[in-house]
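For reference, the structure discussed in these notes is given below.
Worth knowing before you read on, the calculation uses all heavy atoms, side chains too, and leaves out hydrogens, waters and symmetry mates. As the structure lists them, so they are numbered: ligands from 1, and atoms in each ligand from 1.
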Amino acid sequence: MAIAGASRGIGQAMAVLLAEHGASVIGGARAADGPAPPGVRMLALDVTDASSVRAFADAAADAGADSLVHNAGVGFFAPIEHTSVADYHRVMDTNVLGLLLASQCFFPHFRRRHAAGLDSQVVTITSDVSTRTFAHGGLYTASKYAQRALTQALAHEGQPIGLRVTEIRPGMTDTHFNGHVPGTAERALHLQPLDVAQSVLHVLCAPRHVRIDEVVLHPVVQPVVF
Ligand SMILES: NC(=O)c1ccc[n+]([C@@H]2O[C@H](COP(=O)([O-])OP(=O)(O)OC[C@H]3O[C@@H](n4cnc5c(N)ncnc54)[C@H](OP(=O)(O)O)[C@@H]3O)[C@@H](O)[C@H]2O)c1
């Protein structure tokens, strides 16, 4: 299996958990040269760069990856009035273009697997804000709405090749997201990366006749907003 955005946070927790459950994991990130967890092979990946995504997908295909978890993402929170074109490109290129490129680079591999009688899955890590927005969240939530649309279009387009596609929508999670330092007291009751990783494991282990379209998870302390 392949994880785009596996160097820290949710993606790293997934890589560790899935490897512990016997998966052969190929992880990608820009920071890919540190020590990799057991069972995880880290490759350099910049999801904003088409040739980098192509090389990552080719390596995953050569290794026989049966699934892609697209987790790579960046945060950005500021008023629309103070959101620059550079901010727009950083967020949209990473979160939206990245998912588009990864989907299109992995699709031919999953088509070949289908022709050989094999199943494949795509899991996208979007956010609980892929269907709602708030002040100072305009650009980030726009990127997450767009990720949701791409995920759902991929589910339609993948159905003829038996591709199962799942959107996982976490709420507040204690990671390095948006420059945070994980482990501080005020984030002790947030979701932990392992909580999200366990959802991914559940999705990937579903029986082959079961497609889980969407998972939404929140820490209990996060206000209920639908
Ligand atoms: N933390 C939250 O509260 C929360 C809530 C809902 C959804 N999410 C989503 O969860 C996902 C993971 O975030 P996280 O919380 O685990 O944050 P994180 O700790 O900052 O991890 C982000 C991961 O994305 C990778 N990444 C960023 N830009 C990349 C690029 N251009 N190419 C390849 N990889 C890239 C990073 O690797 P490199 O920097 O090494 O490239 C890192 O592995 C994101 O999509 C985020 O939007 C987070």
- Mind checking whether I168 and L68 sit in one hydrophobic cluster, side chains of I, L, V, M, F, W, Y counted as touching below 4.5 Å?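 They do not share one cluster, since no chain of ILVMFWY contacts under 4.5 Å joins I168 to L68.
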
- Between L18 and I26, is there a shared hydrophobic cluster once you connect ILVMFWY residues whose side-chain heavy atoms come closer than 4.5 Å?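 No, L18 and I26 fall in different hydrophobic clusters.
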
Quick one: look up the protein heavy atom nearest [atom] and list residue, atom name and how far away it is.
atom	value
atom 16 (O) of ligand 1	I10 N, 2.9 Å
atom 31 (N) of ligand 1	D46 OD1, 3.0 Å
atom 42 (C) of ligand 1	S7 OG, 3.5 Å
atom 13 (O) of ligand 1	F177 CD1, 4.2 Å
atom 19 (O) of ligand 1	H176 N, 3.2 Å
atom 3 (O) of ligand 1	T173 N, 2.9 Å
atom 5 (C) of ligand 1	G171 O, 3.2 Å
atom 35 (C) of ligand 1	A72 CB, 3.7 Å

Does [X] come within less than 4.0 Å of ligand 1, judged by its heavy atoms?
X	value
K144	yes
P182	no
T126	yes

Would you say [X] has any N or O atom under 3.5 Å from an N or O of ligand 1, going by distance alone?
X	result
T175	yes
A31	yes
D128	no
R30	yes
R8	yes
A29	no
V47	yes
N178	no

- CD/Q159: more than 12 non-hydrogen atoms of other groups inside 6.0 Å: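 No, the 6.0 Å shell around CD holds no more than 12 heavy atoms from other groups.
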
- Message: Tell me if the OH atom of Y88 is crowded by more than 12 foreign heavy atoms within 6.0 Å.
- Response: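 Not buried by this count: 12 neighbours or fewer within 6.0 Å.
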
- Who's closest to atom 45 (O) of ligand 1 heavy-atom-wise, of V53, D174, D93, N71?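 Selected option, by shortest heavy-atom distance: N71.
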
- Query: Of the listed options (G9, G73, G5, A4), which comes nearest to atom 22 (C) of ligand 1 when hydrogens are ignored and any heavy atom counts?
  - Reply: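 Looking at heavy atoms only, the winner is G73.
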
Report the part of [X] in contact with ligand 1, treating N, CA, C, O as backbone and CB onward as side chain, heavy atoms under 4.0 Å; options are side chain, backbone, both, neither.
X	result
T94	side chain
A6	backbone
F56	neither

Just so I know, are the side chains of [X] and [Y] near enough to count as touching, which here means a heavy-atom distance under 4.5 Å?
X	Y	value
R113	I161	no
L204	V123	yes
V53	F106	no

Heavy-atom contacts with [X] under 4.0 Å: which atoms of ligand 1 show up? List them by number with element.
X	result
I125	10 (O), 45 (O)
M172	3 (O)
L45	32 (N), 33 (C)
Y140	7 (C), 8 (N), 46 (C), 47 (O)

Per the side chain to side chain contact (heavy atoms under 4.5 Å, CB included) rule, which among [options] passes with [X]?
X	options	value
L45	V47, D49, T48	V47
V25	L17, V69, V16, V40	V40
P170	D128, I125, V215	I125

From [X] [atom1] over to [Y] [atom2], what is the distance, rounded to the nearest 0.5 angstrom?
X	Y	atom1	atom2	answer
L43	D58	CG	CG	11.5 Å
D93	S143	CG	OG	11.0 Å
R208	R164	CZ	CZ	8.0 Å
R112	L118	CZ	CG	12.0 Å
R148	E214	CZ	CD	4.0 Å

- Message: Show the nearest heavy-atom pair for residues F76 and Y140, with the distance to one decimal.
- Response: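 Nearest pair, atom of F76 first, then Y140: O-CB, 3.2 Å.
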
